[in-house]
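I have placed the structure first, in the form of structure tokens, so that the comments after it can refer back to it.
We use all heavy atoms of the structure for the numbers below, so side chains are in, but hydrogens, waters and symmetry mates are not. Within every chain, numbering begins at 1; the chains are lettered A, B, ... in the order of the sequence lines, protein sequences first and strands thereafter.
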2 protein chains.
Amino acid sequence: MTKDISITEQRPYHHGDLHRAIVEAALSVLSESQSTEFSLRELARRAGVSHNAPYKHFADKRELLAAVSAVGFELLAKRMADATKELDSPRERLAAIARAYVCGGVNNPALYRLMFGGYLGGQDNGRPAIERTAAHSMKAVVVEAICDGALGRVIPNSAANTRTIDGAILIFWSQMHGLTLLLVDSLVGPSGKIEELSEGVLQGMLDGLANCIPEVPVGVWVGPPPAE
Amino acid sequence: MTKDISITEQRPYHHGDLHRAIVEAALSVLSESQSTEFSLRELARRAGVSHNAPYKHFADKRELLAAVSAVGFELLAKRMADATKELDSPRERLAAIARAYVCGGVNNPALYRLMFGGYLGGQDNGRPAIERTAAHSMKAVVVEAICDGALGRVIPNSAANTRTIDGAILIFWSQMHGLTLLLVDSLVGPSGKIEELSEGVLQGMLDGLANCIPEVPVGVWVGPPPAE
DNA sequence: GGCAGGAGTAGACAATGTCAACATCCCGGA
DNA sequence: TCCGGGATGTTGACATTGTCTACTCCTGCC
């Protein structure tokens with residue numbers, strides 16, 4: 001009786017690629033509402049399936065969020081990689097990466113917050129593997145740019161330079177991360193000056209980084225994510 | 001019939017200071033669970049009142065969160081202010097403020113995330129006034145330290161220096177903000193080296209800041225929060 | 001002394017995350 | 001060719017949550 005095909009041929013019983021559909025719905029809702037508080041049921045509705053169908057693809061909401069977050073990291077990595085194309089000066093390339101990073105966060109704050117807002121375990125270790133992997137590949141883009149000579153000298157990505165690279169990454173990343181979030185929160189402004197502002201911070205940081213690079217301490221986690 | 005005083009004298013019908021009790025309960029839950037997803041009803045339970053009593057003191061959950069966030073800003077301001085006591089060197093005072101800032105965030109990540117996680121309007125303008133006020137008084141501590149000569153020269157807090165001060169604030173704040181969040185997310189580690197790491201970033205930033213200070217662009221919002 | 005209104009309570013509602021039981025479809029082995 | 005099992009979807013249920021409305025209790029003020 002449930003086989004009552006009312007109008008035209010309704011979608012087949014099986015969706016086909018619900019996993020992807022749900023993640024995309026989440027990205028849409030995230031962009032539109034700019035709120036991280038959407039419901040699984042809403043996504044199911046958008047995908048045209050019952051409220052419980054997503055559970056066949058994600059163990060729980062957290063796992064779905066992690067998948068979305070992972071896409072966010074991939075998008076960011078791609079943005080940054082693309083930004084370095086057709087640029088020769090290593091320093092300019094690192095600067096371009098920084099701009100792409102901040103820009104990506106500012107353009108979709110809700111997604112950026114999802115990636116870094118601690119909706120997962122709080123600890124990186126608590127993040128599902130899929131997300132950690134994506135985050136690491138994003139970081140690799142930065143590592144490469146720094147080793148490339150962006151700070152005034154080429155730094156071979158060898159064990160001997162781990163300390164130097166780790167330190168540079170930490171300074172670079174935390175500065176960009178903080179700037180992005182302050183911009184997103186509108187805690188700095190007026191908004192018309194955002195690019196000029198960011199540019200000043202960026203160039204200042206690169207100068208400072210180039211100077212203090214050799215003395216930077218050790219310990220940042222760089223390289224493949226630690227095994228579980 | 002509801003007047004059945006069962007055991008000893010039960011608490012009086014009126015709580016006395018429920019507003020404060022609810023905020024404190026929220027701070028407790030936040031510290032304990034390190035999750036920002038607690039329920040209003042849970043707070044009411046802790047305070048020993050009915051699930052609707054909090055609504056006599058807060059219009060909705062968002063307003064309660066804003067109040068908690070405001071307390072967070074006040075605590076942070078106090079921490080930073082205390083950290084500068086008994087320190088003479090302006091630079092050391094600014095460094096102490098930075099350490100206090102990062103430390104405060106790392107010690108209670110959930111609270112820090114509540115303050116900056118965009119659970120409010122996303123935009124600073126969307127934040128309730130009480131919270132903006134608290135955030136501003138926190139920022140004032142930093143402004144004072146910078147003007148004090150922490151960067152190698154005294155910068156009178158006058159209109160003529162707005163650009164310089166604003167720029168310094170932005171660099172300083174975004175670096176500390178980003179560092180705090182990376183530490184909280186355990187995206188850098190190992191944790192044993194956190195202090196050493198932070199110290200490196202901090203000193204590097206102060207050096208860089210002192211150098212590039214004069215050229216920093218304009219536009220950061222500093223001063224009393226803009227009128228609604 | 002009484003009354004207005006602030007403070008707290010009880011009950012209801014829709015929405016949500018998640019569980020369990022059932023339905024439908026597709027694919028590989030007999 | 002048939003069939004049965006597993007993956008995928010559906011329906012229904014449940015506890016929990018934010019919030020609304022109506023009610024009760026108590027306190028301060030005229």
Side-chain N or O of A:Lys61 closer than 4.0 Å to phosphate OP1/OP2 of C:dG17:
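Looking at the OP1 and OP2 atoms of C:dG17, one of them is under 4.0 Å from a side-chain N or O of A:Lys61.
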For D:dA7 and A:His57 - does any side-chain N or O of the residue sit under 4.0 Å from the phosphate oxygens OP1/OP2?
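For D:dA7, OP1/OP2 do not have a side-chain N/O of A:His57 under 4.0 Å.
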In residues 32-55 of chain B, which ones come under 4.0 Å of DNA chain C, going by heavy atoms?
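B:Arg41, B:Val49, B:Ser50, B:His51, B:Asn52, B:Ala53, in order of number.
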Side-chain donor-acceptor pair under 3.5 Å between B:Gln34 and B:Asn108, yes or no?
yes
Side chains of A:Gln175 and B:Ser174 only: does a donor on one sit below 3.5 Å from an acceptor on the other?
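The criterion, which ignores hydrogens and geometry beyond distance, is satisfied for B:Ser174 and A:Gln175.
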Tell me the interatomic distance from [X], atom [atom1], to [N], atom [atom2], rounded to whole angstroms.
{"X": "B:Ile22", "N": "C:dG8", "atom1": "CD1", "atom2": "C1'", "value": "12 Å"}
{"X": "A:Leu18", "N": "D:dA7", "atom1": "CG", "atom2": "C1'", "value": "12 Å"}
{"X": "B:Asp17", "N": "C:dG8", "atom1": "CG", "atom2": "C1'", "value": "15 Å"}
{"X": "B:Leu65", "N": "D:dT17", "atom1": "CG", "atom2": "C1'", "value": "14 Å"}

Look at the side chain of B:Lys56 and the base of C:dG6, then say whether one donor and one acceptor between them are separated by less than 3.5 Å.
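Looking at the base of C:dG6, it does not pair with any donor or acceptor on the side chain of B:Lys56 (distance under 3.5 Å).
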What residue pairs, at least two apart or across chains, pass ring pair (Phe, Tyr, Trp, His ring centres under 6.0 Å) with a residue in residues 48-74 of chain A?
A:His19-A:Phe58, A:Phe73-A:Phe116
Between A:His177 and A:Tyr112, what is the ring plane arrangement, given parallel below 30°, perpendicular above 60°, and tilted in between?
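Rings of A:His177 and A:Tyr112: tilted, 30 to 60°.
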Who pairs with A:Glu24 by salt bridge (Lys or Arg N to Asp or Glu O under 4.0 Å), at least two apart in sequence or on another chain?
none
Any donor-acceptor pair under 3.5 Å linking the side chain of A:Ser33 with the backbone of A:Val29?
yes
